[in-house]
J.: 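Would you mind keeping the following structure in view while I ask a few things?
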Amino acid sequence: MSVDTYVERARTRVRTEREAVDEKRAAFERFDRRVRSISAEPTPTASAAATAVTGPERRVNSAGDARCREVRRAFDETVRPHSLDDVEDADDESLLETVRSELTESVALALSPTTDAPFGPRLKRTIVGEATARRNEVVALAGALAREAEHLSDAGDVVDNVTERIVALDETPLTALGFEALEARHETLADLRTRCADLARRRQAFLEETTSNGVEAGVSHRQLPPYLYRDFPVDHPVLATAATLDATCDECQRAVRKHLVRRA
């Protein structure tokens with residue numbers, strides 16, 4: 001008898017996502033450093049000759065445009081590649097659309113080449129603040145994924161043990177067992193069903209919890225299955241596996257009871 005489970009596949013998925021999240025956190029940190037390094041001070045007054053040719057307002061706006069362009073380039077080279085990992089038709093999403101999804105619409109509007117907004121201290125603080133908030137969310141997500149990985153490891157141990165016991169029991173046909181051996185097998189299967197039920201209860205309790213990054217951000221564990229396992233054939237791999245194993249044990253118990261009735 002072979003029993004299919006989804007837990008090992010879920011563990012592989014979580015390992016891959018943890019690597020991606022760690023890379024995204026590092027990307028936000030690089031973006032933050034690059035934005036902080038951009039001066040938000042007004043452009044020094046140019047010479048009178050330059051003023052006569054270009055005008056002070058145009059010079060200031062040009063400097064602001066250059067700084068906003070530098071911020072856009074920093075975002076494009078750090079955060080954007082990691083943001084597009086989860087986007088369908090990523091090639092069709094513009095840079096400013098990605099900025100909007102990661103740093104809010106107001107930041108995207110301020111950085112737009114068509115807005116002509118100056119890169120002053122206020123805009124710089126806003127961008128740094130939004131980047132910090134997103135980084136905190138990513139850190140909280142990394143913590144939640146670490147807890148998910150630990151929970152899946154524990155669940156995997158239970159699943160492996162129950163599966164091995166089922167397979168081992170199946171190696172001896174019921175026709176080769178006496179009445180007392182049949183009773184013992186029925187009890188063993190009952191114990192395995194209890195372990196499946198305990199696993200399901202622990203999983204439900206885990207899903208009701210939240211992983212927080214201090215007071216800055218938190219991730220409800222209820223958000224993890226649709227985010228992690230959206231491409232799986234089941235929405236909840238641990239619960240589905242526990243239910244499958246329980247159903248398998250129940251089927252085996254019913255077969256044992258039939259043999260017990262015949263021997264009675």
Side-chain angles (χ1 to χ4, degrees), residues 2-28 79 82-88 101-102 104 132-167 188-253:
S2 63
V3 180
D4 294 330
T5 72
Y6 304 99
V7 175
E8 190 56 39
R9 182 177 171 185
R11 294 178 70 180
T12 300
R13 173 73 181 91
V14 170
R15 281 194 295 269
T16 300
E17 191 60 23
R18 289 182 73 183
E19 292 173 359
V21 168
D22 285 344
E23 291 174 356
K24 190 169 186 178
R25 174 192 52 76
F28 268 109
V79 175
H82 303 283
S83 179
L84 293 179
D85 287 344
D86 298 327
V87 177
E88 295 182 4
S101 67
E102 294 287 358
T104 73
T132 299
R134 288 292 292 121
R135 183 184 59 199
N136 288 335
E137 292 174 6
V138 172
V139 170
L141 177 57
L145 290 173
R147 294 187 63 187
E148 175 76 349
E150 182 179 358
H151 184 82
L152 289 176
S153 178
D154 293 340
D157 290 341
V158 175
V159 168
D160 288 346
N161 183 264
V162 171
T163 302
E164 290 169 2
R165 295 291 301 279
I166 293 173
V167 172
T188 297
L189 290 166
D191 291 340
L192 295 180
R193 294 189 69 184
T194 297
R195 296 195 66 183
C196 291
D198 289 342
L199 174 60
R201 280 194 292 271
R202 290 197 301 274
R203 181 61 176 176
Q204 291 284 17
F206 175 82
L207 292 175
E208 293 301 325
E209 297 174 359
T210 298
T211 295
S212 297
N213 173 28
V215 298
E216 292 88 359
V219 175
S220 167
H221 294 179
R222 284 287 178 190
Q223 297 174 285
L224 294 177
Y227 153 61
L228 288 169
Y229 312 124
R230 57 185 178 274
D231 296 329
F232 278 37
V234 295
D235 295 332
H236 294 274
V238 174
L239 294 176
T241 298
T244 297
L245 292 175
D246 179 73
T248 301
C249 291
D250 179 49
E251 182 181 352
C252 293
Q253 277 188 310

J.: Can you find a pair of side-chain heavy atoms, one from Lys24 and one from Glu102, that are under 4.5 Å apart?
T.: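 Answer yes - side chains close enough.
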J.: Rounded to the nearest 0.5 Å, what's the gap from CG on Asn136 to CG on Leu141? Could you check?
T.: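 That separation rounds to 12.5 Å.
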J.: Looking at residues at least two apart in the chain, or sitting in another chain, which of them share a salt bridge (charged side-chain N to carboxylate O under 4.0 Å, His left out) with Arg147?
T.: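 Scan of Arg147 (salt bridge (charged side-chain N to carboxylate O under 4.0 Å, His left out), adjacent residues dropped) gives Glu209.
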J.: Given salt bridge (charged side-chain N to carboxylate O under 4.0 Å, His left out), test Glu148 with Arg222 step by step and report yes or no.
T.: CA-CA 11 Å; Glu148 175 76 349; Arg222 284 287 178 190; over 6 Å; no
J.: What do you reckon, is CD of Glu8 surrounded by more than 12 foreign heavy atoms closer than 6.0 Å?
T.: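 Result for CD/Glu8: enclosed.
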J.: Assess whether side chain to side chain contact (heavy atoms under 4.5 Å, CB included) is satisfied between Val7 and Val158, documenting all intermediate values.
T.: CA-CA 10 Å; Val7 175; Val158 175; over 6 Å; no
J.: Between Thr248 (side chain) and Thr244 (backbone), is there a donor-acceptor pair under 3.5 Å?
T.: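 Yes, because the side chain of Thr248 sits within donor-acceptor range (under 3.5 Å) of the backbone of Thr244.
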J.: Please check if any side-chain donor atom of Thr12 sits under 3.5 Å from a side-chain acceptor atom of Arg15, or the reverse.
T.: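 A donor-acceptor contact under 3.5 Å links the two side chains.
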J.: Of the non-hydrogen atoms in Thr211 and Gly143, which two are nearest, and what is the gap between them?
T.: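 Nearest pair, atom of Thr211 first, then Gly143: CG2-C, 3.6 Å.
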J.: How close do Ala27 and His82 get, counting heavy atoms only, and between which atoms?
T.: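 Closest approach of Ala27 to His82: CB-CD2, 3.5 Å.
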J.: Would you check if Leu192 and Cys252 make a side-chain contact, meaning some heavy-atom pair closer than 4.5 Å?
T.: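 No. Closest side-chain heavy atoms not under 4.5 Å.
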J.: Please report the shortest heavy-atom distance between Ala144 and Leu224, naming the atom on each side.
T.: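 Closest pair (atom of Ala144, atom of Leu224, distance): O-CD1, 4.1 Å.
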J.: Decide side chain to side chain contact (heavy atoms under 4.5 Å, CB included) for Leu245 and Ile166; before the verdict, give the C-alpha distance in whole Å, the side-chain angles of both, and the deciding distance to 0.1 Å.
T.: CA-CA 9 Å; Leu245 292 175; Ile166 293 173; 4.1 Å; yes
J.: For residues Arg18 and Ala146, report the shortest heavy-atom separation together with the two atoms involved.
T.: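 Of all heavy-atom pairs spanning Arg18 and Ala146, the closest is NH2-CB, 3.6 Å.
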J.: Rounded to the nearest 0.5 Å, how far does CG of Asp157 lie from CG of Leu152?
T.: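 Nearest 0.5 Å value for the CG-CG distance: 11.0 Å.
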J.: Between atom CG of Leu145 and atom CZ of Arg13, what is the distance when rounded to the nearest 0.5 Å?
T.: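 So the gap between those two atoms works out to 8.5 Å.
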J.: How close do Val238 and Ala155 get, counting heavy atoms only, and between which atoms?
T.: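 Smallest heavy-atom distance, with atoms named: CG1-CB, 4.2 Å.
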J.: I need the Asp154 CG to Arg203 CZ distance, nearest 0.5 Å.
T.: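 Here the interatomic distance stands at 11.0 Å.
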J.: Ignoring hydrogens and angles, tell me if any N or O in the side chain of Ser83 forms a donor-acceptor pair with the backbone of Val79 under 3.5 Å.
T.: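 No.
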J.: With sequence neighbours left out, write down each residue that passes side-chain contact (heavy atoms from CB on, under 4.5 Å) with Thr210, or none if nothing qualifies.
T.: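 Applying side-chain contact (heavy atoms from CB on, under 4.5 Å) to Thr210 gives Ser212, Ser220.
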J.: As an exercise, state the distance from CG of Leu199 to CZ of Arg202, rounded to the nearest 0.5 Å.
T.: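 Reported value, rounded in 0.5 Å steps: 5.5 Å.
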J.: Quick check for you: to the nearest 0.5 Å, what is the distance between Thr241 atom OG1 and Arg9 atom CZ?
T.: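 Output value for this atom pair is 11.0 Å.
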J.: Does a side-chain heavy-atom distance below 4.5 Å link Pro225 with Phe232?
T.: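 They are not in side-chain contact.
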